[in-house]
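Shown below is the structure under consideration.
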There are 2 protein chains.
Amino acid sequence: MSSAVISRRSRPGRPGRPRHVPAVDNTLSGREQILDAAARLFVDRGFAATSTREIAERVGIRQASLYYYFSNKDKILEELLALTVRPTLDQIDRVEAVANEHGEAAALYALVMIDTGTLAEAPHNTGLLPSLPEVRSLEQFKPYRAVHADLVDAYGRLGSHVAGRQVDGILVAHLVESVVASRSEGADVNETARHAIATAALGACGATKNEIKIASAVAWAELIA
Amino acid sequence: MSSAVISRRSRPGRPGRPRHVPAVDNTLSGREQILDAAARLFVDRGFAATSTREIAERVGIRQASLYYYFSNKDKILEELLALTVRPTLDQIDRVEAVANEHGEAAALYALVMIDTGTLAEAPHNTGLLPSLPEVRSLEQFKPYRAVHADLVDAYGRLGSHVAGRQVDGILVAHLVESVVASRSEGADVNETARHAIATAALGACGATKNEIKIASAVAWAELIA
DNA sequence: ATTATCTATAGATCTATAGATAATGC
DNA sequence: ATTATCTATAGATCTATAGATAATGC
C-alpha cells in the first residue's frame with residue numbers, strides 16, 4: 001500500500017498508448033508535465049485566454065488527453081494555486097514562535113523573508129496566479145482567497161505592533177508581492193533583494209534603522225535554526 | 001467646426017433607431033455607456049473572460065451594436081487604459097517642480113499622493129486594468145506598459161535619492177497600487193489612507209519620521225497651490 | 001487487465017461583418 | 001440624408017464526452 005504511494009513516479013516505462021509526440025522530459029509524470037505547461041501559460045497570458053488545446057500542445061498530447069488527469073480546466077488552476085501557497089503555510093508556525101520569543105519586529109522580518117522566498121522560488125513565477133481575475137472572482141477559488149486573506153491579516157497584526165498604530169496589512173503584502181513583478185521583468189530576486197524588501201517593510205511600519213538591524217539579525221538567526 | 005467638437009454630448013434626442021431596451025442613463029453618450037459597462041466587467045472578471053455580448057447586455061443594446069463605436073474588443077480596453085493613466089500624467093510636471101524646489105523627499109510624497117489620488121478616484125477601480133494578463137502580454141497594449149514603466153522609474157529615481165542608495169521603483173509602485181487592492185475589498189480610500197501610504201513609502205525608503213513630516217507639509221502646500 | 005493515450009465530435013460559445021430599419025434633421 | 005441602432009449569420013473557436021487503441025504487466 002505504501003509502496004503504491006511511493007511509486008507516484010510513474011514515468012518512464014509506464015504502460016499506455018504512446019503519445020503522438022514523445023515526451024520531452026521524462027523525469028516528470030504526465031500530470032506534472034501538464035501542470036508545468038499550464039503554469040507558464042496561465043502566468044503569462046492569463047486563465048481565460050489560455051485554451052486547453054494550447055496546454056496540450058506544449059505537453060505534446062492531444063487536447064482531450066488532459067481530461068484523463070483533470071476533470072476540467074479549473075481543476076488545473078486549483079492545483080497550481082494549492083502548490084503555490086503551501087510552502088509559506090508550512091512555515092507559518094516558525095513566525096509565530098519568533099513573535100513570542102523575540103517580538104513582532106523580528107517576526108515581521110522573518111515572515112517577509114519567508115514569503116518573498118516562496119515567491120522567489122515558485123516555478124514559472126506562479127506567485128502571480130492569485131492575482132488573476134478569475135481567482136479573485138470565481139466561487140471555486142474561494143479557499144485560496146481565504147488563505148491569502150489570513151496572510152494579509154498576519155501582516156497587519158505584526159505591522160500594527162511594530163508601528164504602534166493601525167497598519168493595513170495590504171501595504172506590507174504589496175511590498176512582498178513586488179517580488180512577482182520583479183520576476184515578470186526578468187529580474188533575479190536573490191537574498192539581498194529580499195532583505196531590501198524586508199527592510200522596506202519594517203521602514204514602512206515606522207521602524208528605525210537600528211530596530212530594523214536588530215530584527216534582521218534575530219530573524220536571520222531563527223530562520224537558519 | 002469647433003461647435004461640432006463641442007457638441008460631443010450627443011445624447012439625448014439623438015437620431016438613430018431606438019434601442020430594444022431604452023437607455024438607463026441618458027447623461028452618458030452611447031460610447032460612454034459602453035466604456036462604463038466594459039470597465040466594470042473587465043475589472044471584476046478580466047478581459048478574456050468578458051464577452052462582447054455581456055457588455056452589450058449591460059448597456060441594453062445588441063452585441064453587434066458595439067461595433068458601431070469600437071472596431072474590436074481590444075479597442076475598448078485601450079481606451080479605458082488611456083483614460084486611467086491620463087490624470088497622473090497630467091500632473092507629472094508639478095512633481096518635477098517640487099523636486100527642483102524642495103527636494104526629492106517632498107517630490108516623492110507628492111507623487112505618491114497624486115498617483116494614489118488617481119487610483120482612488122478612478123471609476124469602477126480601473127486602476128486594476130494595467131495588471132490584467134492581456135495588458136501585460138499583448139503587443140497592442142505596449143504603449144500603456146511604457147507609460148507605467150516610466151512611472152516606476154520615477155519612483156526608483158526619487159526613492160534612491162531619499163534613501164541614499166539604490167531603491168527599486170517597483171517597491172514604491174506596489175505600495176501605491178495597494179489602493180487598488182483596498183478598493184477591491186470595498187474599502188474607502190480617503191485622504192488619510194493616502195497619507196498613510198505616502199508615509200509608508202518614505203519610510204520604506206529609509207526616511208526618518210521627521211523627514212517624512214517635513215516632506216508631507218511641503219507636498220501638501222505645493223499640491224494645494 | 002490496466003493504463004495512458006488517441007480520434008471524432010457534439011454543443012456551446014464568441015467575434016465580427018453585412019445589410020436592413022427606425023428614428024431625427026434638413 | 002444621417003445616425004444609431006437592429007437582425008441574421010459566417011466562421012472560428014473552445015470545452016468536455018464517448019469510445020477506440022496501443023502499449024505494458026501479470
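Residue numbers begin at 1 in each chain, while the letters A, B, ... track the order of the sequences.
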Query - Under the salt bridge (Lys or Arg N to Asp or Glu O under 4.0 Å) test, residues paired with A:Asp168 that sit two or more places apart - result: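 Per chain and number, A:Asp168 pairs via salt bridge (Lys or Arg N to Asp or Glu O under 4.0 Å) with no residue.
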Query raised in the report: Who passes side chain to side chain donor-acceptor pair (under 3.5 Å) against B:Glu79, sequence neighbours left out?
Result: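 B:Glu79 satisfies side chain to side chain donor-acceptor pair (under 3.5 Å) with B:Arg31 once adjacent residues are dropped.
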Query raised in the report: Counting side-chain heavy atoms from C-beta on, which of D:dC6, C:dT5, D:dA23 comes nearest to A:Ser65?
Result: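 Closest nucleotide to the A:Ser65 side chain: C:dT5.
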Query raised in the report: Does B:Arg62 have any side chain to side chain contact (heavy atoms under 4.5 Å, CB included) partners at least two apart in sequence or in another chain, and if so, which?
Result: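 Here the qualifying residues are B:His20, B:Ser65.
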Query raised in the report: What integer distance in Å separates A:Arg62:CZ from D:dT21:P?
Result: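 In whole Å, D:dT21 P lies 16 Å from A:Arg62 CZ.
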Query raised in the report: Any side-chain N or O of A:Tyr68 under 4.0 Å from OP1/OP2 of C:dT5?
Result: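 Answer no for this pair, as no side-chain N or O of A:Tyr68 is under 4.0 Å from OP1 or OP2.
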With the criterion being N/O to N/O and under 3.5 Å, what pairs connect the protein with nucleotides 15-17 of chain C, and how long is each?
from: C:dT15; atom 1: OP1; to: B:Lys73; atom 2: NZ; distance (Å): 3.2
from: C:dT15; atom 1: OP2; to: B:Thr52; atom 2: N; distance (Å): 2.8
from: C:dT15; atom 1: OP2; to: B:Thr52; atom 2: OG1; distance (Å): 2.6
from: C:dA16; atom 1: OP2; to: B:Tyr67; atom 2: OH; distance (Å): 2.7
from: C:dA16; atom 1: OP2; to: B:Lys73; atom 2: N; distance (Å): 3.1
from: C:dA16; atom 1: N7; to: B:Gln63; atom 2: NE2; distance (Å): 3.1
from: C:dA16; atom 1: N6; to: B:Gln63; atom 2: OE1; distance (Å): 2.9

**Report entry** Under-4.0 Å side-chain N/O to phosphate OP1/OP2 contact, B:Tyr69 with D:dT5
**Finding:**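 True: B:Tyr69 side-chain N/O within range (under 4.0 Å) of D:dT5 OP1/OP2.
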Requested in this report: Could you tell me which residues satisfy side chain to side chain contact (heavy atoms under 4.5 Å, CB included) with B:Arg194, sequence neighbours excluded, listed by chain and number?
Outcome: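 Side chain to side chain contact (heavy atoms under 4.5 Å, CB included) list for B:Arg194, sorted by chain: B:Met113, B:Thr116, B:Ala120, B:Val189, B:Glu191.
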Report task. Mind checking which stems touch DNA chain D? I mean at least 3 consecutive Watson-Crick or G-U pairs, both distances under 3.5 Å. Result ->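 DNA chain D stems, ordered by first number: C:1-24 with D:1-24.
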Requested in this report: Nearest whole angstrom, please: distance from the C1' of D:dC14 to the CD1 of A:Ile55.
Outcome: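 Rounding to the nearest Å, CD1 of A:Ile55 and C1' of D:dC14 are 12 Å apart.
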**Report entry** Of the listed nucleotides D:dA23, C:dT5, D:dC6, the one nearest the side chain of A:Arg17
**Finding:**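 Given the options D:dA23, C:dT5, D:dC6, the side chain of A:Arg17 is closest to C:dT5.
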Report task. Could you list the residues that satisfy side chain to side chain contact (heavy atoms under 4.5 Å, CB included) with A:Asn190, not counting sequence neighbours? Result ->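 Testing A:Asn190 for side chain to side chain contact (heavy atoms under 4.5 Å, CB included), a comparison that skips the adjacent residues, returns A:Asp188, A:Thr192, A:Ala193.
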Which pairs of donor and acceptor atoms, one on a side chain in residues 128-136 of chain A, lie under 3.5 Å apart (sequence neighbours left out)?
from: A:Ser131; atom 1: OG; to: A:Leu128; atom 2: O; distance (Å): 2.8
from: A:Glu134; atom 1: OE2; to: A:Ala48; atom 2: N; distance (Å): 3.3
from: A:Arg136; atom 1: NE; to: A:Ser131; atom 2: O; distance (Å): 3.4

Query - Pairing residues for A:Glu121 by the side chain to side chain contact (heavy atoms under 4.5 Å, CB included) criterion, not counting sequence neighbours - result: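 Side chain to side chain contact (heavy atoms under 4.5 Å, CB included) check on A:Glu121 returns nothing, list empty.
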Requested in this report: Could you tell me whether B:Asp44 and B:Arg40 have a side-chain N and a carboxylate O separated by less than 4.0 Å?
Outcome: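 Looking at B:Asp44 and B:Arg40, the cut-off is not met.
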